[in-house]
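This report concerns only the one structure given below.
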Amino acid sequence: MKSIIKPVKGTRDYYPEVMALRSWLYDAAKKVSNSFGYQEYEGPLIESIELYAAKSGEELVKEQSFVFEDRGGNLIALRPELTPTLARMVAQRQNQLIYPLRWWSFGPFWRYERPQKGRTREFFQWNIDLIGPDTPAADAELVAIVAAFFKQVGLSPSDAQIMVNNRQLMETELIALGIAPGQLKEVFRLIDRKAKMERSKWEAYASELGLESRQIDDLKKLLADDELWQKSRALEEFFLAIDALQVSEYVRYAPYIIRGLDYYTGTVFEGLAVNGGLTRSILGGGRYDNLLEDVGGDKLPAVGFAMGDLVMSLVLEELGLIPEDIKSPSASVLVTVFDEGSMQESLRLSDELRQTGLRVNCYPQADKLSKQLKFADRIGIKIAVILGPEEIKQDMVTFKELSSGNQISVDRALAADTISELLDGYIPS
RNA sequence: GUGGGCGUAGCUCAAUAGGCAGAGCGCCUGUCUGUGGAACAGGUGGUUGAGGGUUCAAGUCCCUUCGCCCACCCCA
C-alpha cells in the first residue's frame with residue numbers, strides 16, 4: 001500500500017460534493033442574513049491569545065485552542081470563536097460605526113479537541129450579531145433569524161425548536177431561593193448540566209455547591225416551571241415581538257436553558273434539533289452587554305448567535321433535507337480533439353464558446369473519440385462538440401447531445417448560437 | 001484525559017478449527033479504425049496499518065505501536 005501523507009487529525013477534506021454542501025449552507029445563511037439587512041464581514045483567522053484571555057479563562061484557551069509562538073515570542077491562537085474578534089473590531093471603531101449595527105460572518109474556526117461525531121478540530125460557523133440596542137425586540141430579531149434559517153433549509157417546527165430563557169430572570173429567582181449572589185455563576189453551571197447528568201449525581205453536585213435539600217427541591221421546581229417567563233417584563237415583550245414576527249411556532253420558553261458561557265448577561269437561547277428520540281444542540285446565542293468593555297471599548301449592548309456547520313449538516317442529512325441537485329456544476333460542453341492536427345481548431349472553438357458564457361472543457365489530448373465521449377458522459381457534459389476532418393473540410397461543426405445521442409452539424413460560423421439554443425432546449429432533436 | 005470498537009485490492013467486504021489471500025464494484029483493454037451509457041470477453045490489481053513473538057505453518061493467537069471510528073470529559 002502506498003503511504004499517502006495523512007491529513008491533520010480532526011480536519012475534513014472538502015471534495016467537491018462536500019464543498020457543495022458547505023456552499024449551500026453558506027448560501028442559506030447569506031440569504032437569511034441579507035433579508036434582515038445584515039452586512040457580511042470577516043476577521044483574521046489568527047488572534048493574540050490575550051483577546052481570549054480577557055473573556056474566558058486563559059487556561060481554557062491554552063488547552064482547547066491551537067496556540068503557537070511567533071518569532072517575536074508572542075502567543076498567537078487560531079481563532080476558536082468569533083465574538084471576541086467582533087468585539088475588538090467594533091471597539092476599534094466604536095465612534096465611527098452606525099448603530100444599530102447588524103453584521104454576519106461565515107468562516108473557519110479551530111478547537112483542539114478530540115474529534116467525534118459532529119465535532120472536528122476545524123469547522124465552520126455562521127455568526128450573526130446585532131449591536132447597539134438592548135431591547136427585547138432586538139433579542140427577538142435574532143431568534144426570528146434562526147427561525148427564518150430553519151425555514152430556509154426546510155426544518156419544520158417539529159424538527160427544530162428555539163429554547164429561550166433570560167439570565168436576569170434566573171438571577172432574581174435564584175436569589176429569591178436564598179442563593180448568594182456570589183454563587184450564581186456556579187449555580188448557572190449546575191443548571192446547564194442538569195440535562196446531561198443522572199439525577200442522583202446532579203443532586204450530589206448541587207449539595208457539594210452548598211445548596212440545602214430544600215433549595216435543591218425549589219430549584220427543580222423552578223426549572224420545570226414553563227410559565228416562569230411571565231415574571232419577566234423583558235421576556236413578555238420578547239414573546240410579543242416573536243408573535244409579531246410570526247415565528248412563535250419555532251420558539252419556546254425553557255427555564256433550564258442557561259448556556260455555558262459566562263459572558264451572557266440577559267436573554268439566552270439554544271436551537272435544538274429533534275429527530276426520533278435524539279435531541280441535538282445546533283446553535284446557541286444570547287445577549288452579551290459587557291463584552292465591548294472587556295476588550296477595552298465603552299459599554300455597548302449586543303445580542304447574537306453562532307451556528308456550526310457540522311451538526312447542522314448532520315441533522316439535515318438525517319432528515320433527508322439536503323437537496324440532490326446541489327453539486328457544483330462541471331462543464332456543460334466538451335470540445336473533443338480529433339487528432340493532433342486539429343488541436344488548434346478545437347482550442348479556438350472552445351474559446352469562442354466560452355466567450356458566450358458557457359462552461360466549456362476542451363479535451364487536452366487527441367484520444368480516441370470513444371474515450372472522450374465516455375469522459376463527457378461521466379462528468380455530466382450535456383453536449384459534445386466534434387470537429388473532425390469531415391467537419392473541417394466543410395467548415396462545419398457537429399454537436400452531439402449526450403442525453404439523447406442525437407447529433408446535428410451546422411455551419412462553423414453558427415456554432416456559438418446553435419449550441420446556446422441547444423442547451424436552452426430551443427432545438428428539440 | 002478515560003473507556004470501547006475497527007484496520008485485508010482504489011471502494012464495500014469475505015476468508016471453516018491457525019493450512020495456497022478471494023468476491024463484487026471500480027479501473028484498463030478488446031468486441032467497436034469517427035461516437036458515451038448496455039452486454040460479453042480478457043486484464044490490472046495486496047509487505048492483510050507497522051514492528052516483534054508463538055508455531056512446521058499467522059489475515060487469524062500473544063505483545064508493542066500507529067491510525068481511524070464511537071462514547072465519556074469538555075464545549076467559547
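Side chains included, hydrogens not; waters and symmetry mates left out as well; all remaining heavy atoms used. The shown structure was predicted, so the numbers you read here are calculated from the model rather than taken from an experiment. Protein chains get the first letters and strands the later ones, always in sequence-line order, with residue 1 at the start of each.
- The OH-C1' distance, from A:Tyr264 to B:C75, rounds to 12 Å in whole Å.
- Separating the CG atom of A:Leu310 from the P atom of B:C69 is a distance of 11 Å, rounded to the nearest angstrom.
- Comparing atom distances between the A:Lys374 side chain and each of B:A76, B:G36, B:G3 picks out B:G36 as nearest.
- Between B:A50 and B:A41, the distance separating the two C1' atoms is 40 Å to the nearest Å.
- Distance check on atom C1': B:C6 versus B:G30 gives 41 Å, rounded to whole Å.
- Here A:Gly405 lies in heavy-atom contact (under 4.0 Å) with a base.
- Ranking B:U35, B:A76, B:G3 by closeness to the A:Glu81 side chain, first place goes to B:A76.
- When each of B:G36, B:U35, B:G3 is scored by its nearest atom to the side-chain atoms of A:Ile386, the top-ranked nucleotide is B:U35.
- Atom CZ of A:Arg114 and atom P of B:C75 are 17 Å apart (whole Å).
- Taking atom P on both nucleotides, B:G26 is separated from B:A38 by 8 Å, rounded to a whole Å.
- Comparing B:U8 with B:G59, their C1' atoms sit 6 Å apart, to the nearest whole Å.
- Rounded to a whole Å, the CD1 atom of A:Ile383 is 15 Å from the C1' atom of B:U35.
- No side-chain N or O of A:Gln407 forms a donor-acceptor pair with one of A:Thr398 less than 3.5 Å apart.
- Taking atom CD on A:Glu113 and atom C1' on B:U2, their separation rounds to 16 Å, with Å as the unit.
- B:C69 and B:U12 have their P atoms separated by 14 Å, with the value rounded to a whole Å.
- Judged by a 6.0 Å distance limit and a 45° cone about the ring axis, A:Arg22 is positioned over the six-membered ring of A:Phe124.
- A 3.5 Å limit on both hydrogen-bonding distances identifies B:C72 as the Watson-Crick or G-U partner of B:G1.
- Listed nucleotides B:C70, B:C68, B:A76 differ in distance to A:Lys9; the shortest reach to its side chain belongs to B:C68.
- One finds no salt bridge joining A:Glu122 and A:Arg12 here, because no Lys/Arg side-chain nitrogen approaches an Asp/Glu carboxylate oxygen to under 4.0 Å.
- Between A:Arg287 and A:Asp134, no side-chain nitrogen of the basic residue sits less than 4.0 Å from a carboxylate oxygen of the acidic one, so the salt-bridge criterion is not met.
- In this structure, the nucleotide among B:G34, B:G36, B:A76 sitting nearest to the side chain of A:Glu390 is B:G34.
- Comparing the P positions of B:G43 and B:A58 gives an interatomic distance of 30 Å, to the nearest angstrom.
- With B:G37, B:G67, B:A76 as the candidates, the nucleotide lying closest to the side chain of A:Lys6 is B:G67.
- Protein atom CD1 of A:Ile5 is 16 Å distant from nucleotide atom C1' of B:G49, rounded to whole Å.
- The side chain of A:Gln116 sits closest to B:C70 out of B:G34, B:C70, B:C28.
- Remark: of the listed residues A:Arg189, A:Lys185, A:Arg167, A:Lys185 is the sole one forming a salt bridge (charged side-chain N to carboxylate O under 4.0 Å, His left out) with A:Asp262.
- Counting only heavy atoms from C-beta on, A:Arg193 has its side chain closest to B:C73 among B:G26, B:C73, B:G1.
- B:C28 sits 7 Å from B:U44 when the C1' atoms are compared, rounded to a whole Å.
- Using a 4.0 Å heavy-atom criterion, one finds that A:Arg79 contacts no nucleic acid atom at all.
- Rounded to whole Å, atom P of B:C75 lies 22 Å from atom CD of A:Glu122.
- For the pair A:Lys400 and A:Glu391, the salt-bridge criterion is not met [side-chain N within less than 4.0 Å of a carboxylate O].
- Not a single donor-acceptor contact under 3.5 angstrom links the side-chain atoms of A:Gln372 to the base of B:U35.
- For A:Ser370, the listed nucleotide lying nearest its side chain is B:G36; candidates were B:G30, B:G36, B:C74.
- Sequence order on RNA chain B of the closest nucleotides to A:Gly388 and A:Arg111 puts A:Gly388 first from the 5' end.
- Phosphate contact (OP1/OP2 of B:G30, side-chain N/O of A:Lys368, threshold under 4.0 Å): present.
- Between A:Glu50 and A:Arg88, none of the side-chain N atoms (NZ, or NE/NH1/NH2) sits under 4.0 Å from a carboxylate O, so this pair counts as no salt bridge.
- Between A:Ile381 atom CD1 and B:G36 atom P there is a gap of 16 Å when expressed in whole angstrom units.
- The base-pairing partner of B:G67, taking Watson-Crick or G-U wobble contacts with both distances under 3.5 Å, is B:C6.
- Here the separation of B:C74 from B:U55, taken at their C1' atoms, is 47 Å to the nearest Å.
- For A:Phe338, the listed nucleotide lying nearest its side chain is B:G34; candidates were B:A76, B:G34, B:C28.
- Counting atom types as modelled, A:Arg119 pairs a side-chain N or O with a base atom of B:C74 as donor and acceptor under 3.5 Å.
- Within 4.0 Å of A:Lys117, counting heavy atoms only, lie sugar-phosphate atoms of the nucleic acid but no base atom.
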Checklist entry - Which is it for A:Asn74 and A:Ser48 under the side chain to side chain contact (heavy atoms under 4.5 Å, CB included) test, yes or no, and what are the steps along the way? => result CA-CA 8 Å; A:Asn74 307 301; A:Ser48 153; over 6 Å; no
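- The base of B:G34 is paired with the side chain of A:Glu391 by a donor and an acceptor separated by under 3.5 Å.
- With a cut-off of 3.5 Å on both pairing distances, the Watson-Crick or G-U wobble partner of B:C61 is B:G53.
- Position along RNA chain B of the nearest nucleotide to A:Arg189 versus A:Asp377 favours A:Asp377 as the more 5'-ward residue.
- Contacts of A:Ser281 with the nucleic acid, taken as non-hydrogen atoms under 4.0 Å apart, are absent.
- Distances shorter than 4.0 Å separate none of the side-chain N or O atoms of A:Arg12 from OP1 or OP2 on B:C68.
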